[in-house]
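Here is the structure we will look at, set down as structure tokens.
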Amino acid sequence: MTTMPTNTDTSTLRSYNPSTGDEVGSVPVTPVAEIDNIIAKAQAALPAWQALTPQQRADMLKPAGEKLIAMADELGKLLSLEQGKPIPEGIGEVTGCGSRMAEEVDEVATAVQPDILEDEGVKSTIYYDGYGVCAAITPWNFPMLMPHWTIVPALVAGNTVICKPSEQTPLIADEYVKVLNEFLPEGVLQIVHGEDDQGKALVAGDVNLIAFTGSKNAGQHIMASAANGLKRLILELGSKDPLIVLEGADLDKAAEFGARNALRNCGQVCVSTERIYVQDSVKDLFMDKLLTQVKEFKVADCNEEGASIGPMVMREQKEHVLSQINDAINKGAKLIHGNEPMGGNFVSPTVLDDCTHDMDIMTVETFGPVVCVSGVSSADEAVEKANDTEYGLGAVVFGEDETARSVGRKLTAGMVGVNRSLGGASGSPWVGARHSGYSYHSGPMGHRQFCQVRVVSTNEE
Ligand code: NAD
């Protein structure tokens, strides 16, 4: 995706407040011709970084967490000005990264400790070593959290890292990297700024692992480019998450979850509820409750008291959302709420009913504040429709316990919530199925994705 159209100076990347269009600040663009030198510096920093134990690397990062907490107000405001989310959410994102840092780095250090396997006469030690240089390429929707959840495990696992944040939100990523660099040796963590050309140059360069979070199309392009050097990949991509609401569900909880999960961060969340399939027998009641919840959302500038959602991050994103809404209405969807004209990048929270799979809005990622509903006659029909997608990041089902569990098990997503959100118990991986991902993050299993596994076997008496 492109930056604001006014950003015509190729040596400077300007960041704009999506609510007002005002410039928030700028960073120098990294010339593509510089990127090989930056990678060489990261390669040169590897031996000393890998000579440290995972726990030593983890301990180095802990004070960065404290610093982030101390700077949460200042950085949270910057994050919100640049991305558009209400300021308390911006501050919350920074505080979350800071306050979880110590626990996270210890978790990674523990996950990458060697395992020992023994048979009679042979002992095998399974080592988890960093791959080398990791390119961490990240999106704008959680502009500190996304760099954080890639950089931290990559570093502690023994990789040096080059971060390429989204061109929409370079300032907050730059501040994040500066804070970490106060505590890291030279060359271990670097940042490059620019648009996809800088990302492409990184992927094509002498890097060993590409940890990418972003759109499916960019992910596919990266996979094709990485094939040349058989580079390791972790791809966290887009989705079209379904919510299923069945007879016997707690409709208050289902409606609250559906509205909040479709609208939070203005729908710009990879696991947003983008489709709702509700059983006909409970649909009218569910719709009433859903609408009540949706009407609670206040769209406003991030500075405004009581704002629950801000603008879309950029004009192109707004145009994409509005065109999907219009396409759906033209094909027979019923407009229940919203779709009111709004200035700037703002989009009013919108509810559509009678949505069908010949509408783009039910098949192509929307990433906007739209709640799309479709009635189904049975749990089987709900499963069939929920799985009728190329994506598969998350899915949620509300219903009578036993039926909901059985439906949950039939869904093809990587993460499924049954009568709750899809967030798992601590230690669960963050994993997409189908075109929503390739490899995965988080929890001990996810941390090991940043590692080359090596097995050393010896004879034992
Ligand atoms: P995007 O793919 O346009 O850009 C992401 C990053 O990749 C940016 O830094 C961009 O400059 C860079 N880039 C773009 N094309 C590239 C290429 N060919 N080679 C190398 N780098 C390239 O995505 P976006 O619009 O910034 O983010 C929104 C997308 O991210 C949505 O699809 C959303 O679902 C997804 N996302 C997924 C997760 C997840 O956990 N699966 C989390 C957050 C966001």
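Basis for what follows: all heavy atoms, side chains included, without hydrogens, waters or symmetry-related copies. One-based numbering, in listed order, for ligands and for the atoms of each.
The D196 neighbourhood of ligand 1 comprises atoms 11 (O), 13 (N), 14 (C), 15 (N), 16 (C), 22 (C), with distances under 4.0 Å to a heavy atom of that residue. Every atom of ligand 1 with a heavy atom of E195 under 4.0 Å away is listed here by number and element: 11 (O). Annotation for ligand 1: atoms under 4.0 Å from non-hydrogen atoms of M146 are 42 (C), 43 (C). Close approach of ligand 1 to E167 is summarised as follows: ligand atoms under 4.0 Å from at least one heavy atom of the residue are 8 (C), 9 (O), 10 (C), 11 (O).
Only the side chain of N141 comes within 4.0 Å of ligand 1, counting heavy atoms alone; its backbone N, CA, C and O stay farther away. When non-hydrogen atoms are compared, ligand 1 lies under 4.0 Å from neither the backbone nor the side chain of F142. Under 4.0 angstrom from ligand 1, the non-hydrogen atoms of H221 all belong to its side chain. Contacts between P165 and ligand 1 below 4.0 angstrom, taking non-hydrogen atoms only, involve the backbone exclusively.
With atom 1 (P) of ligand 1 as the reference point, the heavy atom nearest to it among S215, G432, S239 is part of S215.
Considering R448, H447, Q452 as possible partners of Y128, the one that fulfils the side chain to side chain donor-acceptor pair (under 3.5 Å) test is R448.
With contacts defined as side-chain heavy-atom distances shorter than 4.5 Å, the pair T366/K240 qualifies.
A donor-acceptor pair shorter than 3.5 Å cannot be found between the side chains of T30 and Q198.
Scanning for side chain to side chain donor-acceptor pair (under 3.5 Å) contacts around T412 gives N387, with sequence neighbours left out. Residues that satisfy the side chain to side chain donor-acceptor pair (under 3.5 Å) test with N217, not counting sequence neighbours, are absent from this structure.
At least one heavy atom of F212 lies less than 4.0 angstrom from ligand 1. At least one heavy atom of S166 sits less than 4.0 Å from an atom of ligand 1. For the ligand labelled ligand 1, residue W149 lies inside the 4.0 Å heavy-atom shell.
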